[in-house]
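Scroll down for the structure; my scribbles are underneath it.
Counting from 1, the numbers follow the sequence of the chain as shown. Heavy atoms only: backbone and side chains are in, while hydrogens, waters and symmetry mates are out.
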Amino acid sequence: MKRKPRTTVLSKGSLRNRRLRNAAAFSLLRGLAYGLGSGIAGLLVYWLQRYL
């Protein structure tokens, strides 16, 4: 019996890891963007209420 080459098993695993890493990086980036946007909006509202 022939064995399957080890690279086929690793390529599926590495593809899955790459997808998970990309999804985690995208979620982190999106969270940072939402956080920065909320912070800037909050500071703007605070500034408007204080000085107007």
Atom pairs and distances, donor-acceptor, side-chain atoms in residues 30-43, under 3.5 Å, two or more places apart:
residue : atom : partner : partner atom : Å
Ser38   : OG   : Tyr34   : O            : 2.9

- [ ] Report the hydrophobic cluster partners of Leu20, with the cluster defined as I, L, V, M, F, W, Y residues connected by side-chain heavy atoms closer than 4.5 angstrom, directly or transitively.
- [x]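 Besides Leu20, the hydrophobic cluster comprises nothing; the residue is isolated.
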Task: Any pair counted as side chain to side chain donor-acceptor pair (under 3.5 Å), so long as it reaches residues 19-29, sequence neighbours left out - done: none
Which side-chain N or O atoms in residues 45-52 pair as donor and acceptor under 3.5 Å with protein atoms at least two apart or in another chain?
residue : atom : partner : partner atom : Å
Tyr46   : OH   : Arg50   : NH1          : 3.3

